[in-house]
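Count residues from 1 along the sequence.
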Amino acid sequence: DPTTIFTGSAEFTYTLQWTISNGSCAASSSTVDIEFDANPTPANAGPDQQLCGTGTSLAANAPAIGSGLWSLAPSNTGAGGSITTPSSNTSGFTGTAGETYTLRWTVSNGVCADSFDEVTIQFDQAPTAANAGTDQTAAAANCGTTTSLTANTPTVGTGLWTIITGDGSGAFVDNTDPTTIFTGSAEFTYTLQW
């Protein structure tokens with residue numbers, strides 16, 4: 001049958017010959033190459049990452065079938081971003097602090113449908129340097145049990161007051177407010193951390 005079905009093995013190329021013969025006349029032959037590609041290894045771009053800084057190593061799977069390629073995903077909203085070695089599953093990636101990137105790991109093999117997976121990389125900015133204010137001891141000590149704190153307001157990140165040392169009965173009106181009111185016990189010294 002000139003239009004028969006041929007079955008082979010994936011990842012092999014076959015050379016087939018079609019021969020037409022008629023009695024004692026010389027036969028006529030022609031060959032055709034048939035390549036069977038296998039579906040690529042399912043892509044796995046690795047876990048999402050959130051880190052402080054501007055660089056990281058990616059962690060996609062190494063394909064057993066096909067080859068992989070990193071790219072910025074169509075849904076990416078991060079500004080800039082550079083993939084060091086796009087064909088390496090563990091390529092380096094650099095971006096800008098304060099930006100979030102969506103990267104796509106695509107595994108391809110011949111004419112088979114690509115497999116892809118995406119990973120989110122979030123580069124956080126370093127927080128504003130904390131300044132808890134001046135000590136309120138000795139001549140600057142407080143009479144009574146309450147005082148206003150004077151920490152700086154962060155431009156990057158969020159602040160939180162905690163009690164490092166003291167009698168344990170201290171309390172903040174709002175421990176996320178840099179200028180909150182702190183109440184403690186008379187005759188005690190507290191070390192507070194912003």
Side-chain angles (χ1 to χ4, degrees), residues 1-22 26-130 153-160 162 175-176 193-194:
D1 180 356
T3 59
T4 192
I5 301 298
F6 173 71
T7 302
S9 298
E11 292 301 288
F12 282 90
T13 300
Y14 297 84
T15 300
L16 307 180
Q17 180 173 288
W18 175 245
T19 301
I20 301 175
S21 55
N22 186 33
S28 171
S29 297
S30 179
T31 60
V32 63
D33 291 332
I34 306 293
E35 177 183 337
F36 288 120
D37 293 330
N39 285 317
T41 300
N44 182 340
D48 291 342
Q49 299 182 39
Q50 181 179 2
L51 45 103
C52 186
T54 59
T56 189
S57 293
L58 303 174
N61 62 325
I65 298 173
S67 58
L69 188 68
W70 283 108
S71 62
L72 292 172
S75 61
N76 177 62
T77 58
S82 175
I83 301 164
T84 308
T85 310
S87 61
S88 170
N89 61 310
T90 57
S91 175
F93 176 72
T94 56
T96 303
E99 295 285 334
T100 299
Y101 299 87
T102 305
L103 304 179
R104 176 175 286 186
W105 176 240
T106 302
V107 180
S108 304
N109 190 46
V111 298
C112 294
D114 293 343
S115 173
F116 68 86
D117 188 36
E118 294 179 352
V119 63
T120 299
I121 308 294
Q122 180 177 330
F123 290 126
D124 292 334
Q125 291 178 286
T128 300
T153 300
T155 55
V156 177
T158 58
L160 181 70
T162 53
N175 66 349
T176 63
Q193 179 173 284
W194 176 239

From Leu58 CG over to Ser88 OG, what is the distance, rounded to the nearest 0.5 angstrom? 8.5 Å
Identify the heavy atoms of Pro154 and Gly159 that sit nearest to each other, and give their distance. CG-N, 3.9 Å
What pair of heavy atoms forms the shortest contact from Glu118 to Ala45, and how long is it? C-CB, 3.8 Å
Could you go through Val107 and Asn109, starting from their C-alpha distance and side-chain angles, then the distance that decides it, and tell me whether this counts as side-chain contact (heavy atoms from CB on, under 4.5 Å)? CA-CA 7 Å; Val107 180; Asn109 190 46; over 6 Å; no
When rounded to the nearest 0.5 Å, the distance separating CD of Glu11 from CG of Asp37 is 6.0 Å
Say you draw a straight line from CH2 of Trp194 to OG1 of Thr162; how long is it, rounded to the nearest 0.5 Å? 10.0 Å
Heavy-atom nearest pair, Pro40 first then Ser108, reads CB-C, 4.1 Å
Let me confirm one number: the OG1-CD1 distance from Thr7 to Ile34, rounded to the nearest 0.5 Å. 11.5 Å
Nearest heavy-atom approach of Ala62 to Asn89 is N-ND2, 3.6 Å
Among Phe93, Phe116, Trp70, exactly one meets ring-ring contact (aromatic ring centres under 6.0 Å, His included) together with Trp105. Which residue is that? Trp70
Between Pro63 and Gly68 the two heavy atoms that sit nearest each other are CG-N, 3.8 Å
Are any non-hydrogen side-chain atoms of Thr90 and Ser57 less than 4.5 angstrom apart? no
Is there a donor-acceptor contact under 3.5 Å linking the side chains of Thr128 and Thr155? yes
Does any non-hydrogen side-chain atom of Thr54 lie less than 4.5 Å from one of Thr94? no
Quiz question: by atom type and distance under 3.5 Å, do the side chains of Asp33 and Thr31 form a donor-acceptor pair? no
For Thr96 and Ala79, which heavy atoms make the closest approach, and how far apart are they? OG1-O, 3.9 Å
Report yes if the side chains of Ser71 and Pro86 come closer than 4.5 Å at any heavy-atom pair, otherwise no. no
Give a yes or no answer on whether the side chain of Thr41 reaches the backbone of Ala64 with a donor-acceptor pair at less than 3.5 Å. yes
Spacing of CG belonging to Asn175 relative to CG belonging to Leu160, to within rounding of 0.5 Å: 4.5 Å
So which of Ser28, Ser30, Ser29 actually passes side-chain hydrogen bond (donor to acceptor under 3.5 Å, both in side chains) with Thr19? Ser29
Distance in Å, Asn76 CG paired with Glu99 CD, rounded so as to fall on 0.5 Å steps: 9.0 Å
Derivation and outcome, side-chain contact (heavy atoms from CB on, under 4.5 Å), residues Thr120 and Thr100: CA-CA 7 Å; Thr120 299; Thr100 299; 3.4 Å; yes
Should the heavy atoms of other residues, nucleotides or ligands under 6.0 Å from CZ of Phe12 be counted, would the total exceed 12? no
Set out, in order, the CA-CA distance, both residues' side-chain angles and the distance that settles side-chain contact (heavy atoms from CB on, under 4.5 Å) for Leu103 and Leu72, then state yes or no. CA-CA 5 Å; Leu103 304 179; Leu72 292 172; 3.2 Å; yes
